[in-house]
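Written below as structure tokens is the structure these notes are about.
Worth knowing before you read on, the calculation uses all heavy atoms, side chains too, and leaves out hydrogens, waters and symmetry mates. Chain letters run A, B, ... following the sequence lines, proteins first and then strands; every chain starts at 1. All of these numbers come straight from a predicted model, not from anything done at the bench.
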Amino acid sequence: MTSTLDTCDDAKAARVVADFPILARPTARGKRLVYLDSAATSQKPLAVIAAIDEYYREYNANIHRGVYEIAERATATFEAAREKLARFVNADPREIVWTRNATEAINLVAYSWGSANLRRGDAILLSELEHHSNLVPWQLLAERTGASLRFIPVDDRGELVLDDLDALLRDCKLVALAHVSNTLGTILPLETIVPRARRAGAVVLIDGAQGAPHLRVDVAALDADFYAFSGHKMLGPTGIGVLYGKRALLEAMPPFLTGGDMIRRVEYARTSFNDLPWKFEAGTSNIAGAIGLAAAAEYLNALDLDWVRAHERALTGYALERLGELEPRGLALYGPRDPQRISGVLSFNFADIHAHDLASILDTEGVCIRAGHHCTMPLMEKMGWSATARASFYVYNTRADVDALVDGLAKAARIFKI
Amino acid sequence: MDDDFYRDYILDHYRNPRNFGHLEHPDASADDTNPLCGDRIAMELQLTDGRVSDVRFSGKGCAISQASASMLTESIRGKTLEEIAKLPKDVVLENVGIGISPTRMKCATLGLRVLKSAAIGRIAAWPDEE
Ligand SMILES: Cc1ncc(COP(=O)(O)O)c(C=O)c1O
């Protein structure tokens, strides 16, 4: 198939593997850890672990308040982290709001922007492949405001069908789409949809949870109004995420959570709010998380996101080829079959072996994959799958990992006698 | 989980589930989903003189949840609803619980949970009917 497009850079990948301490630890059964669940959460390089460790050991203090040395250092490093994330997606630091994760970032927009701007009769346009995190907040917003939900359909290979896009965009106030499908790996055609949505007058939010870790993101070029992502899927720690928002929109939005740190002046009866981005950061932030995430962004920059993409594309091509060998024995591969169209995620089922049984058998070989509905239950229902097995790749995966997956599947076939 | 967990009888119950399907007029029924993995099981009971005289289950899911439910249906004929409501986890763990991980334990016990809620639901409904 198409794996000839890219050759796997296993040499560089091997150097990358050495940066991830967890990958050197064998499993309880003494197997090499073959981590193929990065779409759920990524592993962390030493550089990230060290940055968090350094903060707690050397300058742990609250930010924006203390005047003593370590507090100054904490504040400066925390705000420098914001600047690094701003550069990572080509934004202004004032447009970078720290959240807990992509889910909270999307909820921030749904509550703050959505409640203030949507009315009965307005439409919200999503796609049929959205993660629950980019669906449920809009369902609740629609309930609160009387707006309606519409969906861009997906075809049976998991590609968006744009034939009726103009009609779908009519009276549409908001378009909220994934950058990359976490279930099928489909890279959405944002360069087509976003300009048309903007011309139709809609505000555009991109759920970048699976985008920012794998693809070079330039929010200025993309021209989306909001871009939400999670640190833990891009080599950073859990509990920290980012909402990018265009400054004018963020300025006009009411606060989401309220309390300390997000205020300018508080009287008993009223309060005026802080400037961007702190207006949206109530309470003490995840300081270590922001510092760790900045270290992750720097690590990815040093790897070079073009290399990341090429490496994952090559690995996906190789995996499509190897998994294809099992098709005569009943392996069903879902999603686009073209590595150009997928970002390091492959969903499949194998004969009559349930995905959970596959995952359990692979686990005995040290191979970690995900099985289930991947938080996309409506998509699974539409496709008629009760569950799928999902392998997802990242910077530290090699062809040896793909081979281990295929060997594990062969073992499952032996156990289930197929 | 153990390598040898998927023993032949488990695969047999998975591929040829016993008492699979529906009853025409069930006296008690319930269904539930394992939200973790989407496994689904429904149980239907027929009662004669207060004891289970027939049972059917239906559902979709992994070998563990389906085989466990299938084996369970083979062991409950003749039991009263009170007895079913008090069935301990061991009845399914003896069949499929050996060597399975804590997460998969929820799959193994799904059928039992559904069966017990069918029984408990029916017991709770009695006073209204009389
Ligand atoms: C496409 C997509 N959107 C949103 C999320 C939610 O991410 P988080 O749980 O970090 O908020 C995920 C993660 O599973 C995802 O894959």
> CZ/B:Arg15 to NZ/A:Lys417 distance, rounded to the nearest 0.5 angstrom?
Replying inline: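 B:Arg15 CZ to A:Lys417 NZ: 8.5 Å, rounded to 0.5 Å.
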> For the candidates B:Asp39, B:Leu11, B:Thr103, B:Asp8, which exhibits the highest count of non-hydrogen atom pairs separated by less than 4.5 Å from chain A?
Replying inline: B:Leu11
For [X], does the [atom1] atom sit with more than 12 other heavy atoms under 6.0 Å from it, leaving out its own atoms?
{"X": "A:Ile22", "atom1": "CD1", "result": "no"}
{"X": "A:Arg100", "atom1": "CZ", "result": "no"}
{"X": "A:Glu325", "atom1": "CD", "result": "yes"}
{"X": "B:Lys106", "atom1": "NZ", "result": "no"}

>> Using heavy-atom distances under 4.5 Å, tell me whether B:Arg40 contacts chain A through its side chain, its backbone, both, or neither.
In response: neither
>> Is A:Leu358 close to chain B through its backbone or its side chain, or both, or neither, when contacts mean heavy atoms under 4.5 Å?
In response: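 No part of A:Leu358 comes within 4.5 Å of chain B.
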> Using 30° and 60° as the class limits, which term best fits the ring planes of A:Phe416 and B:Tyr14: parallel, tilted or perpendicular?
Replying inline: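 A:Phe416 and B:Tyr14: perpendicular rings.
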>> Between B:Ile64 and A:His354, does the side chain to side chain contact (heavy atoms under 4.5 Å, CB included) criterion hold? Intermediate values first, please.
In response: CA-CA 10 Å; B:Ile64 297 176; A:His354 191 275; over 6 Å; no
> Going through the checks in order, is the side chain to side chain contact (heavy atoms under 4.5 Å, CB included) test met by A:Asp357 and B:Arg104?
Replying inline: CA-CA 9 Å; A:Asp357 297 315; B:Arg104 300 302 303 278; 3.0 Å; yes
